[in-house]
Number of protein chains: 2
Amino acid sequence: MRPRRQTGRMNIHQQVVRELAVRILSGVLRPGDILPTEDNASTEMDVSRTAYREAIKVLSAKGLLESRAKVGTRVRQKSEWNMLDPEILGWKSEIETPSKFVDDLFEFRMIIEPAAARLAARKGSPEKIDKIRHAFETMANTEMSSVENFEADFDFHKSILEASENELLSSLGHVVETLLLTSFELSALRPGAREQSVPLHGAVLAQIQNRDQDKARDAMTTLLASARTDLDDVLQNDIHETTILKKADPDDTSTRAGGNRSPN
Amino acid sequence: MRPRRQTGRMNIHQQVVRELAVRILSGVLRPGDILPTEDNASTEMDVSRTAYREAIKVLSAKGLLESRAKVGTRVRQKSEWNMLDPEILGWKSEIETPSKFVDDLFEFRMIIEPAAARLAARKGSPEKIDKIRHAFETMANTEMSSVENFEADFDFHKSILEASENELLSSLGHVVETLLLTSFELSALRPGAREQSVPLHGAVLAQIQNRDQDKARDAMTTLLASARTDLDDVLQNDIHETTILKKADPDDTSTRAGGNRSPN
DNA sequence: CATACAATATTATTTACGAAAAATGGTATA
DNA sequence: TATACCATTTTTCGTAAATAATATTGTATG
């Protein structure tokens, strides 16, 4: 068993959303391209025009599409895409090569999370800091690489973002979650790293509790740098395996929990 | 004439989206609340059930709502809202008091933009840096507080985000835009500030061109701190005026869902 | 007491038709 | 020739109504 991304039963319009999103994010459909008319596209995909329209609305809400009467539905410029949208991040993680994806995400985390830790130390409410502490204790008391441990890890980082007392930062929990999910999936193949994980998390917690802003920030930077190193090792070693895994994941229909034993 | 936010003719489903979004973001509808059934809600708002459903899909895509058969459509927890979504930011800017809104946004910019400037100095492509330079020159050659100047200012910051060569950072242009729009609307009342704006922008550009990462970051920090001071002055002086302005902005009711003017 | 099953309420989905918006091309007029 | 206007046509937008799927809740049965 392992933490899972959304992949199970989906509504019809969600299936269309996913199908189109993947086509756009993978570059099959490119910015400026105009989709077939609602009538053609929906019959092509074998769904009702209404369901198709609902899918278009969802993707427009995420900045991927734009519809205008008489001209059609067009793929918007990349700069208009809401890349931080949780679903878009999730789709990208399935499409892009792990290393490129991980690079961008880690770079982003290295900006956001140390700053959040700093703010948490400055103005995090006692309750929020208590939530961080609770997540840490759960982390320390659960088996490494277990689902409970993963969830506590995520809670830890999410709680720090929330303790920053800034709504914009708080809403970035999903960015962390997506990266952690990717990390988890990759390092589940090759466990053993992350020995220093608990003390590094502990250091962050301690400095936030101390209300030492700069040290809290630095502790988070250290923690992330370590996590990145661990992940880089996995990527180095498993580069070909993971590539195979990506390719051998064409349809999630099988819903095989964890054990992808011999895809053939 | 001034740069305008989206407020003109809207499709019916967009009007419903806006109406519901405002209710949610303003706290009239609270997390956990269940909306009326599609039938009731749509007849209540005097739109078809299809149009209402499209609106629900849009808000679900932004993390505000969640629909399940038999149970209804529920407002999701705040932590699930995509606060960085451009539209959500725009709606919030209309609802929240300027000072609170500006606080959060500036805090966020002070984290993101110096880091982006640093990355731009490190790995920004010559073309991207040229775009920054072009925006700067336009800024320097247009009248302060003109629409052209505003747009060049926005382009400047957006180009730096893009020059960071990180898709996640690039997609944050809208955060900057929303804050600049708010700033523009506020300081349009009381022009005269921002004399040092051009040289401060110039310093950022120069350090990026020098490929001096730390100085580029610091120059951006200085620029933002200055902009924040200017804006704080405006907020201090115009606190009551702006409040009045906010209240005197109910003209959107004319285009409200179903156009039910004088409900009696 | 628990388990299975049936009733029910709500969203999900399809189908069909008509309205509105906007790009295009043609036509008249200066 | 060029410009303004107008009709045409294509496409999305919006409404309506009927049926399906699904999850909750109540009810009966072992």
Side-chain angles (χ1 to χ4, degrees), chain A residues 6-20 24 29 31-76 80 87 253 255, chain B residues 6-21 24 29 32-76 80 87 254-261:
Chain A
Q6 158 77 317
T7 174
R9 305 260 181 302
M10 281 195 294
N11 291 335
I12 283 202
H13 86 267
Q14 290 173 319
Q15 295 175 32
V16 177
V17 164
R18 192 177 196 290
E19 172 70 26
L20 290 177
I24 294 169
L29 287 171
D33 284 358
I34 295 211
L35 274 54
T37 64
E38 290 179 349
D39 249 327
N40 292 339
S42 55
T43 56
E44 177 71 26
M45 291 190 163
D46 202 35
V47 299
S48 75
R49 200 166 142 256
T50 311
Y52 178 79
R53 275 178 58 81
E54 286 181 353
I56 297 301
K57 292 290 168 299
V58 169
L59 292 173
S60 301
K62 295 184 187 298
L64 263 42
L65 294 175
E66 188 176 31
S67 298
R68 288 178 59 192
K70 173 67 185 178
V71 59
T73 299
R74 188 196 323 255
V75 180
R76 296 180 76 184
E80 302 302 313
E87 290 187 281
T253 51
T255 320
Chain B
Q6 158 78 318
T7 175
R9 304 263 179 298
M10 280 194 296
N11 292 335
I12 281 200
H13 84 266
Q14 288 173 322
Q15 296 174 33
V16 176
V17 165
R18 193 179 196 288
E19 172 70 25
L20 289 177
I24 294 169
L29 287 171
D33 284 359
I34 297 218
L35 273 54
T37 63
E38 291 179 349
D39 249 326
N40 292 339
S42 54
T43 56
E44 176 71 26
M45 291 191 167
D46 202 36
V47 301
S48 73
R49 191 165 154 240
T50 311
Y52 178 80
R53 276 179 58 82
E54 285 182 354
I56 297 301
K57 291 292 167 296
V58 169
L59 292 173
S60 301
K62 295 184 187 299
L64 264 40
L65 295 175
E66 187 176 31
S67 298
R68 289 176 57 193
K70 171 65 187 177
V71 59
T73 298
R74 188 197 320 260
V75 180
R76 297 181 75 185
E80 303 301 314
E87 290 187 279
S254 54
T255 357
R256 208 169 39 200
N260 42 4
R261 56 187 79 189

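We name chains A, B, ... by the order of the sequence lines, and we start the count at 1 in each one. No experiment lies behind these values; they were computed from the predicted model shown. Computation of the quantities below employed the complete heavy-atom set of this structure, encompassing side-chain atoms and omitting hydrogens, waters and symmetry-equivalent molecules.
Between A:T50 and B:A69, the residue whose closest nucleotide on DNA chain C is further toward the 5' end is B:A69.
D:dT12 atom P lies 18 Å from atom CD1 of B:I12, rounded to whole Å. Distance, B:I56 CD1 to C:dT10 C1': 13 Å, rounded to whole Å. Look at CZ on A:R53: it is 17 Å from P on C:dA16, rounded to the nearest Å. When rounded to the nearest whole Å, the span between CD1 of A:I34 and C1' of D:dT10 equals 12 Å. Taking atom CG on A:N11 and atom P on D:dA23, their separation rounds to 10 Å, with Å as the unit. The interatomic distance linking A:Q14 (CD) with D:dT22 (C1') rounds to 14 Å, in whole Å. Spacing between atom NZ of B:K70 and atom P of D:dA20 amounts to 19 Å, rounded to whole angstrom units. Between the CD atom of B:Q15 and the P atom of D:dT15 there is a distance of 10 Å, rounded to whole Å.
A donor N or O paired with an acceptor N or O is not found under 3.5 Å between the base of D:dT10 and the side-chain atoms of A:T37. With hydrogens and angles left out, the side chain of B:R49 and the base of C:dA12 share a donor-acceptor pair within 3.5 Å.
Backbone-only engagement by B:R68 is indicated by non-hydrogen atom pairs under 4.0 Å involving sugar-phosphate atoms exclusively.
By the 6.0 Å contact criterion, CZ on A:R74 is open, its count of non-hydrogen atoms from other residues, nucleotides or ligands being 12 or less.
Remark: A:K57 is in phosphate contact with D:dC13, judged by side-chain N or O atoms under 4.0 Å from OP1 or OP2. Look at B:H13 and you won't find any side-chain N or O under 4.0 angstrom from OP1 or OP2 of D:dC13.
A:S60 and A:E66 make their closest contact through OG-N, 4.3 Å (heavy atoms, listed as atom of the first residue, atom of the second, distance).
In this structure, B:E80 contributes its side chain and B:G63 its backbone to no donor-acceptor pair below 3.5 Å.
Note: A:Q14 CD to A:E87 CD = 7.5 Å, rounded to the nearest 0.5 Å. Taking OG1 from A:T37 and CD from A:E44, the interatomic distance works out to 10.5 Å, rounded to the nearest 0.5 Å.
Residue A:A51 has its side chain nearest to C:dT14 when only C:dT14, C:dA23, C:dT8 are considered.
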